[in-house]
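Here is the structure we will look at, set down as structure tokens.
Per chain, numbering begins at 1; letters A, B, ... match sequence-line order. Keep in mind that the numbers below use all heavy atoms, side chains included, and drop hydrogens, waters and symmetry copies.
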Amino acid sequence: MKKFSPDVIARRLASLPQPSYAEDLPVNARRQEIMQALEQHQVVIICGETGSGKTTQIPKICLELKRGVHGLIGHTQPRRIAARTVAARIAEELKSPLGQTVGYKIRFTGKISSDSYIKLMTDGILLAETQVDPLLQAYDTLIIDEAHERSLNIDFLLGYLNQLLPKRPDLKLIVTSATIDAQRFARHFNNAPVIEVTGRLFPVEIFYRPLTADDEDEGDLQRAIIHAVDELIALGPGDILVFLPGEREIRETAETLRKHHFGRLWPGRTGVEILPLFARLSFAEQERVFQPGGARRIVLATNVAETSLTVPGIHYVIDTGLARINRYSYRNKVEQLLVEKISRASANQRAGRCGRVANGICIRLYAEQDYHGRPEYTDPEILRSSLAAVILRMKSLKIGDVESFPFLQSPPPRMIADGYQLLSELGAVDENKQLTAVGWRLSKFPIDPKIARMILAAKQENCLREILIIAAALSLQDPRDRPFEHQAAADNAHRHFTDERSDFLSYLKLWDYFDDLLKHKKSTRKLIAHCREHFLSYRRLREWREIHGQLHALIGELGLKPNEIPASYDEIHRSLLSGLLGNIGFKTEKEGEYAGARGIKFAIFPASVLKKAKAKWVVAAELVETSKLYARCIARIDPAWLEKIAGNLCKKYYSDPHWQKKQAQVMAYERVTLYGLMIVPKRLVYYGSIDPEESREIFIRSALVAGDYHTDAPFFQHNQALIHNIEELEHKARRQDVLVDEQQIFAFYNAIIPHKIINGAGFEKWRKQAEQHNPQVLFLQREQLMRHGAHDITEVQFPENLILPDGNQLPLAYRFEPGHVMDGVTVRVPLPLLNRLDARQLDYLVPGLIRDKVTWYFKTLPKQIRRMLVPLPQAVTEFLERRANTGNSLPLENSLAQFILRKTTQIVPPETWSAADMPMHLRMNIQVADDAGEELAMSRDLSALQMQLGNAAQQDFMKHNREHEK
DNA sequence: AGGGTTTTTT
């Protein structure tokens, strides 16, 4: 921004307006003092109650000091309407058409010329101008009005100006404030002088009428209001303003009052008019408050009437002492809108509302003690807000750290940290808290960064047209009206715009509807009437289009164009999610409850189309805690979208890493969560890239050590055969200490195979190279695998085959696994040969096991016989030797009985030994197989098998013979 | 089965 050139300054000086003053305004009594202070100080604080005339007179005083020549006198107001009306008033007092000497600028509109000296604007506009004019060179004087309201904009501006003033010694600053919190502002600006201006308020008498302490419920409040109204009506005529926390209380009170009989107390009048007043009310309904009729009026208002709107002609105030206050909970990342006790400053402001026309009376529905126990001031907005937007703006203005920024009151570090966290989740700042490319672009948008983020995402998803409409809608109050006398009718009218999947899409339908209305409109009057009939706010619809137009222009500057092909549901909602990831929810078991980010639980707002839909996954435009934590403006989403959109915000957990032979890779199950919500429960993934070290170990253990691997590599066949061979020995010997443990085999491979090998493919590649140098590099040696020699395990002791008397050989299998059906020795016999088996031969098992078997027989003898055989091992040897020498065609038990009789003269009764008591592995297991090698039956009882399968065996045997004959 | 204040922005 360029300063004025010398000739322009000269011209401005020459035509400087000469203000005149209405001397009855209190502020003008202090004119000289103010002028003197302004000449001597860079900053002056002026405080005075409403009615002092400071807002309109101070700019004129500045003109008299020849301010406004080198730059404009910038004068800010918290609200747009105020900026415009104040501009009009000052213009009138200076006898200049609006836009000439005095101009104004608010969002979307303004009226100002190069000849203007005074510029009224909202504080938001001045703040926005810092982006293009960081030194605010356009101004030589600034008036920050209503600073006591302590909005986010005001606090930010005052911090910014604190930094700016040393760089602009020529700039004068006036801060005005209503209440006596002036000292805080003075301290903030290096002990600037404070000039107090008396207000022109009439005295207000305060009565305290606390609710009865034993029963502080809703009904009690209603009763108290009625009593207060009765009390005031009895005092004399005059309108009453009742401050209530919200719309619901207003409605209840309105009903209570309508049912109440005022007539007796107040005869001869036309009655009582009850007027609700809150910001969401339609324009027409609000208008009623400003057009007094004949009846006595009771206005039931929220906080709008405390600062934003001045209800005329109020003589009495009833103050419930309550308000809904917006607070951001950084812990849950949601806004709270809970009913709180108002501060003393707020209570005084409310009381002051009845001292504007005459002496007033204010009844407080709480105790005086309660009043004195309350905090002096309402917490400024900056201590109650999410700081993401503030931080983003500060970063884009490059004005240093948030932590050291000269705020009037600095937000606590955890709130600042939370702001950074949200920005980081939006991708606006990096790990060094510096703005990213995305952050820079977000800062260009005059909307919430979350909403701006959707617009950036919409470019990728090709749905800018739709998202611009939705983003604009989310940046203002819902254009749909729902007056409480006509709720059902309004809902009915709005049903026309619903989409059963998503509340966001209603905005698109409503947009098209209004667009159509505009195209076919006959007159604005008719259009407004049509909107009212259909429960739509014409003003908000227009505002919507204005914001949309602004966003549209902005994306044009960024070189983006809206899509011409309509976007899909998925594209639109994926874009929305980019800004709203923290607002996702998953339906819980509990009726109507959703689990949200970071363990929060929320309910769907009743007006949503998804209220009853039981959608599994949803996203909400906002989460606000009122009577419950409610999600408003909801859509169904597909959780499969989330992972890609959330990127690094997702947390991944792995379980059960395992070898997969077919792919020759280690795989694991992946679980993905976002803010603690499980978005992918169980997914099979390649584990090699996730934990290469563990994967390598699993590969070696499973594929190479355990042999679960498919390869024709000679080393593998060799090593497997070797291990198998030694395992066989263990089965035969019925002991497990022959093969070295797996850890040693693992250690062997681990030492040879390079670190980077983590799967089959990598291994084979390496192996082929390694084997060129040494073909046997991976060969295990027998000695490496055996813990001891196992010399007693010979072919004679544990033969591979059972040789039948006719020369047939039947394979034997050994197993050491007590309890297993095949524990011990198993002979495998083809069905045709089953009848050839002789129990007497099977009794003797194999040489390596017969000693154990005979020992068992001896040990289970009755005591008096057993005693005579001691020492048993010697007796066993003797029996086995004798049998080997003589041969024996008797069954084993008979042979034993004979041996015992001879040796001890004792007769062993036939029932002494029961096969059922014998350890299984001491009886030969017989497995019968059919032609195809499939098992037909298995048992240790030969006679039972032969009984069961004997006939079949016989036939099979005959058939075989016949076939041989052919 | 059930409802929320207010304001502002290149």
Side-chain angles (χ1 to χ4, degrees), chain A residues 1 76-83 105-108 110 121-134 146 149-157 243-252 277-281 301-309 322-327 334-340 342 346 378 381 384-385 389-390 392-393 396-397 443-449 451-452 472 475-478 482 484 487 490-491 543 546-547 550-551 553-554 557-558 590-593 603-608 611-612 614 622-633:
Chain A
M1 179 65 62
T76 70
Q77 289 292 316
R79 282 163 291 282
R80 283 188 252 166
I81 295 176
K105 187 179 171 200
I106 56 179
R107 196 181 191 182
F108 310 127
M121 64 197 133
T122 53
D123 32 40
I125 290 282
L126 183 60
L127 199 49
E129 287 182 359
T130 58
Q131 297 227 2
V132 286
D133 182 13
E146 316 282 5
E149 289 193 17
R150 302 292 305 277
S151 67
L152 220 44
N153 284 346
I154 286 171
D155 272 24
F156 195 99
L157 264 179
F243 282 102
L244 291 149
E247 194 178 328
R248 205 189 66 203
E249 291 83 356
I250 289 176
R251 184 170 56 220
E252 277 169 7
L277 179 63
F278 47 91
R280 264 191 52 79
L281 219 49
T302 60
N303 256 356
V304 255
E306 195 179 302
T307 46
S308 307
L309 293 175
L322 302 172
R324 282 202 187 267
I325 307 275
N326 189 359
R327 284 183 195 276
V334 298
E335 295 205 334
Q336 296 174 317
L337 208 47
L338 304 175
V339 175
E340 294 185 16
I342 58 170
S346 181
T378 310
E381 215 181 334
R384 297 187 276 117
S385 310
V390 174
L392 181 65
R393 192 188 289 250
S396 73
L397 287 172
S443 73
K444 305 274 185 259
F445 287 89
I447 51 174
D448 186 283
I451 298 175
S475 302
L476 88 168
Q477 281 181 10
D478 196 323
R482 194 168 184 264
F484 53 60
Q487 286 180 350
D491 289 347
E543 175 113 350
E546 307 241 43
I547 296 175
Q550 207 176 19
L551 297 178
L554 209 65
E557 286 167 31
L558 292 173
K590 215 169 138 195
E591 177 78 28
E593 185 189 77
I604 291 180
F605 198 70
S608 170
K611 179 66 190 170
K612 296 172 200 163
K614 306 202 167 165
E622 53 175 8
L623 294 173
V624 183
E625 183 182 345
T626 54
S627 52
K628 260 195 210 174
L629 181 56
Y630 278 113
R632 228 200 49 145
C633 194

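- Listed nucleotides: dA1(B), dT6(B), dG4(B). Nearest to the side chain of K612(A): dA1(B).
- Between S151(A) and dT6(B) there is no side-chain N or O to OP1 or OP2 distance below 4.0 Å.
- The base of dG4(B) lies close enough to the side chain of E622(A) for a donor and an acceptor atom to sit less than 3.5 Å apart.
- As a whole-Å value, the separation of I342(A) CD1 from dT6(B) C1' is 15 Å.
- Residue N303(A) places no side-chain atom within donor-acceptor reach of the base of dT6(B), judged by atom type and a 3.5 Å distance cut-off alone.
- OP1 or OP2 of dT6(B) sits under 4.0 Å from a side-chain N or O of T302(A).
- Residue contacts shown for I547(A) are absent, as no nucleic acid heavy atom lies under 4.0 Å away.
- The side chain of R79(A) lies closest to dT7(B), out of dT7(B), dT5(B), dT10(B).
- For dT10(B), the OP1/OP2 oxygens have a side-chain nitrogen or oxygen of Q550(A) closer than 4.0 Å.
- Residue-level contact check: F445(A) touches neither bases nor backbone, having no heavy atom under 4.0 Å from any strand.
- Side-chain atoms of K444(A) lie closest to dT10(B) of the nucleotides dT5(B), dT6(B), dT10(B).
- If you check distances only, the side chain of R632(A) never reaches the base of dG3(B) with a donor-acceptor pair under 3.5 Å.
- A close approach under 4.0 Å does occur between a side-chain nitrogen or oxygen of S308(A) and OP1 or OP2 of dT7(B).
- Under the ring pair (Phe, Tyr, Trp, His ring centres under 6.0 Å) criterion, F445(A) pairs with no residue, sequence neighbours left out.
- The side chain of R482(A) contributes no N or O atom lying less than 4.0 Å from OP1 or OP2 of dG4(B).
- Contacts of A279(A) with the nucleic acid, taken as non-hydrogen atoms under 4.0 Å apart, involve only primed sugar atoms and P, OP1 or OP2.
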